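Predicted, not measured: the structure shown is a model, and the values here were computed from it.
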Amino acid sequence: MAVVEQPCYTLINFPTDLEPCNEMQLKLDLEKGDTKKKIEALKKTIGIILSGEKIPGLLMIIIRFVLPLQDHMIKKLLLIFWEIVPKTSPDGKLLQEMILVCDAYRKDLQHPNEFIRGSTLRFLCKLKEPELLEPLMPAIRSCLEHRHSYVRRNAVLAIFTIYRNFEFLIPDAPELVANFLETEQDMSCKRNAFLMLLHADQERALTYLSSRLDNVHSFGDILQLVIVELIYKVCHTNPSERSRFIRTVYGLLNASSAAVRYEAAGTLVTLSNAPAAIKAAAACYIDLVVKESDNNVKLIVVGRLGALRAEGGEGAARALPDLAMDVLRVLASSDLDVRKHTLQLALELVSARHAEELVQVLRKEAARAHSADHDDAAKYRQLLVRAMHKAALKFPEVAGSVAPALLELLGEGSEAAAHDVLLFLRHALHAFPDLRDHIYQKLVESVRSVRVGRPARAALWLLAQFADTPGRARAALHVLADVIEGAADTQPESGPAAAPRRLVTSDGTYATQSAFNLPASGAAEGGAAEGGARLGGALLEGESFTAVCACSALAKLALKLPRQEAARALHLAAVLLARHKQNAGQRGGLTADDMEHAALCVQAGLAGAGLGGGAGGADVRRALLDASDAALAALLALPDREPHLLEDVDKEREPKRQEQKVEIETGITFSQLAGAGASGSQHDMFELALNKALQGRSGGEAIDRGKLCRVRQLTGCSDPVYAEAIVSVNQYDIVLDVLLVNQTDDTLQNCCVELATLGELRLVERAAEVVLAPRDFASLRAHVKVASTENGVIFGNVVYEVTGASMDRGVVVLNDIHIDIVDFIQPAHCSDADFRQMWAEFEWENKVSVNTNMTDLHEYLQHLLASTNMKCLTPEKALSGQCGFMAANLYARSIFGEDALANLSIERPLHKPGAPVLGHVRIRAKTQGMALSLGDKINMMQKASHQKPADPTPAA
């Protein structure tokens, strides 16, 4: 027969370094020891029972020598002991000794100390034996009239539990508790009594609530929460009751307790879809998130606001846009995640009427963030830039006010924010022709302050690309001439150059980083701010590629200017090239690619201005002038060009069409045969929330396919005991449901599963021993705690004894259960900038060579993603086509918040059609175990045989 799992109410921690207990010493301490020794012996006895061992001789000793004691510590330990000790004999009958225990607890229920009475009543809630509870019922009833509220509220809970489990013991419990509720004054007692009526007799609860609807606001918060739950359940079952209670729910939106207001707002939007109700609930949510100090609560409430907008329908579309500006009050929080979700929500709610006001608030936030000195200030400024960019795309009428605000952030020193600013300028200059003059003028004024290589290259390209009139081209040339000539005059002709920084990477090689690629600080910033030295330093003393981009921009300007001004532009390009050629020994100089690119651009400029040039100048000129416009238009037309604040949220909200699958073990529900109210319970908000919390994180396809796909065979079919297990991973816990089958004709006694672990796994609950009759089976359960994202192994054996045999205990060794790292990681998304930053910061790298029989690059990538549970960050368009080479970035995040990065670089020789895929996968993680475990997973994936579809052509 199957063993029913016993419920657990108390978690007890025991040190792992305890000495082995001697049964004789325990009996001696419990019988003749003093109070201190009896307490320690009782603790050891509880630990022994919890570990699965049995000590039958101690039960009567504890009843005789420990149970009569009045020490409070012993009383507390005895409550735990009687909870876990077996109370029935093997045939299911109650032990005779428990009669003495029952009499002792009847005396405790009449004890003058209220703590002993109350704790005894709480213990009775855990008993599942009606034979023990029946003699105690008169004493439990009398506790409802005790002077102390602690006793009365626990008496109500005891009556509620007994009535729910054994209704025949106290059939008049609803009437008894209803009468108690009418006269009770303590709020905690009233809450417990009302909670019982809610679940046991809703009609009596409604009668009590209806007579006090006008006084609900004066109740305590714990009682108000139960009232909200009752109103929801009643209105959900009987919608005609909504008009009766909706005014009460409106009143609870102004309660003093934050929890009551949150639950009332959630109940209100389920009772009514009217715009007024949705607006009142949203205003309550916003007030909660502004006043609450806990960031986790802020995230939950902001997420609830987002769900309200998505599920509210037409009523939400009419009511919520007016609250968009109130949502921005949440930006006062210091947590970056809260700000990110708030900006995303505000941009979704705002309408054209409040767009200008939104931009002004974001400008003030950007100015405030510029002077902030906390760690996330740069990331927050980047979020604000993306938010203003998205607002300008959604409402083009505010683009004119967004551009000046963003250009103020261009030279503030943050490379990430400056790059996002230039992305907006690129889009605005292309999409808004009527604002092009204004934006271009502001860009010309601000470009001098750019001092980092990557934003400088983007700014130079924008200056040259959109100089489509002679006036703009002259203004751009004038700025570049001042920057280059001024920087060249201020640079010293001799003297030692600033030494680059030499860093040691994780693999032991040296990496060189120039100081000019880093933002300046302190006095250097103030000195470089005058005369355009910021941009000039990036051009003359920075990376050579930045100087080559400047040559390309000057050549493009030369093609758009008259001959004399074109000559000046090309002269400036020559100055840049000569300067970098002169400093070749100090900073590496120009590379061969740089020289070739610069020569082509200068040659095209000379040919276009009529100053000379080769035969290939016309092709380069077309590429500089015409092809760049077409390429920019095609790039901005891609669907993923819009800035995203929350990429994961955006993708999750997209409707997903999935094929409905029903597994063979899924039960069939007949709505005609289900009881009244059964259909409504399926959509109960409180039940759904509880089930979702108990379920844990949503798994992938393997979890959706049911339990049968997770069965692991542990022993062979010819072993005396057959064992198999269902391995379930839920957050930090691994649950093993083990099935034991006795395949012999003998009775197996003390049959148990002994398990041990390797890696960051810890066995927290040992499976109990069972007795297996011939050909019988039993189910056991063991729990394993996960400490980190690494591979682990669970191993052990089945131990049993044969009845009537003199042989030693039989042992069946179990197959190892390998806990896969894929169970603890899930696909996630991050931006390219965050990926590069983490790639540079993470110090553990594992390089895995590709060894497979696959011949298709895309097929290998999809197989890798399915095996490692990672997400490909590289766009699908970049992976399309057949060029014989593929490079992709992969990313995943573990349930512990750890990040895992991977870079795939593979190729297939085009001249060998049947050649397998070659290359390597580089994995980087913050911890060594995660990098090694992912590498092992990829190696195991490659060793597994790749099944190909059979050839449908029949044999001749």
For V269 and N273, which heavy atoms make the closest approach, and how far apart are they? O-OD1, 3.7 Å
V226 and its side chain to side chain contact (heavy atoms under 4.5 Å, CB included) partner, picked from L195, L197, I231, L209: L195
Taking S333's backbone N and O only, do any of them form a donor-acceptor pair with R339's side chain (distance below 3.5 Å, no angle check)? yes
Please find the pair of heavy atoms, one from Q224 and one from H217, that lie closest to each other, and give the distance. NE2-O, 3.4 Å
side-chain contact (heavy atoms from CB on, under 4.5 Å) between V260 and I227, intermediate numbers included: CA-CA 10 Å; V260 174; I227 289 176; over 6 Å; no
Can R147 and E114 be counted as an ion pair, charged N to O under 4.0 angstrom? yes
More than 12 heavy atoms of other residues, nucleotides or ligands under 6.0 Å from CZ of R244: is that the case? yes
Short N-O contact, R191 and D186, less than 4.0 angstrom: no
Check: V289 main-chain N/O paired with K298 side-chain donor or acceptor under 3.5 Å: yes
Tell me whether the guanidinium CZ or amine NZ of R117 lies under 6.0 angstrom from the six-membered ring centre of F115 and within 45° of its axis. no
Specify the closest pair of heavy atoms between Y163 and I170, including all atoms of both residues, with the distance to one decimal. CD1-O, 3.3 Å
Residues, nucleotides or ligands: over 12 heavy atoms within 6.0 Å of E145 CD: no
Distance-only donor-acceptor pairs under 3.5 Å for side chains of residues 249-258, two or more places apart:
from	atom 1	to	atom 2	distance (Å)
Y250	OH	A277	N	3.4
S257	OG	A259	N	3.4

For Y150 against G118, the heavy-atom pair lying closest together: CE2-CA, 3.4 Å
Side-chain heavy-atom pair L299, H341 within 4.5 angstrom cut-off: yes
Under a 4.5 Å cut-off applied to non-hydrogen side-chain atoms, are L358 and L362 in contact? yes
Tell me if a side-chain donor or acceptor on R153 pairs with a main-chain N or O of S188 at a distance below 3.5 Å. no
N238 side chain to E241 main-chain N or O, any donor-acceptor pair under 3.5 Å? no
For L323 and A282, work out which heavy atoms get closest and say how close. CD1-CB, 3.5 Å
Could you measure the distance from the CG atom of L206 to the CG atom of L198? Nearest 0.5 Å is fine. 9.0 Å
Donor-acceptor contact below 3.5 Å, side chain D335 vs main chain N295: no
Do the charged groups of E898 and R893 touch, with an N to O distance under 4.0 Å? no
To the nearest 0.5 Å, how far apart are CG in L268 and SG in C284? 9.0 Å
Does the side chain of Y380 come under 3.5 Å of the side chain of E365 through a donor N or O and an acceptor N or O? yes
Do other residues, nucleotides or ligands put more than 12 heavy atoms under 6.0 Å from the CZ atom of R242? yes
Please indicate whether K394 has more than 12 foreign heavy atoms, meaning atoms of other residues, nucleotides or ligands, lying under 6.0 Å from its NZ. yes
Decide yes or no on salt bridge (Lys or Arg N to Asp or Glu O under 4.0 Å) for R212 and E182, but give the supporting numbers first. CA-CA 11 Å; R212 292 166 174 79; E182 293 289 343; 3.0 Å; yes
With rounding to the nearest 0.5 angstrom, report the CG to OG distance, N192 to S149. 10.5 Å
Beyond-backbone contact of P130 with L133, side-chain heavy atoms, under 4.5 angstrom: no
Indicate yes or no for a side-chain donor-acceptor contact from N869 to the backbone of I825 under 3.5 Å, with no hydrogens or angles considered. yes
Backbone of I116 reached by a side-chain donor or acceptor of S119 within 3.5 Å: yes
Could you pull out the closest heavy-atom pair between I286 and L305, with the gap in Å? CG1-CD1, 3.8 Å
For Y285, does the six-membered ring have the charged nitrogen or CZ of R304 within the cation-pi criterion, i.e. under 6.0 angstrom from the centroid and within 45° of the normal? no
State plainly whether the residues D287 and K291 are in salt-bridge range, i.e. N to O under 4.0 Å. yes
Ring centres under 6.0 Å, that's the criterion: do Y891 and H829 meet it? no
Ring-plane angle category for Y208 and F194, please: parallel below 30°, perpendicular beyond 60°, tilted otherwise. tilted
Lys/Arg-Asp/Glu bridge criterion (N-O < 4.0 Å) met for K190, E184: no
Heavy-atom side-chain proximity of L124 to L127 below 4.5 angstrom: yes
Check whether S142 reaches the backbone of A139 with its side chain - one donor and one acceptor, N or O, closer than 3.5 Å. yes
Apply side-chain contact (heavy atoms from CB on, under 4.5 Å) to the pair L181 and R204, showing each step before the final yes or no. CA-CA 10 Å; L181 184 60; R204 294 183 185 272; over 6 Å; no
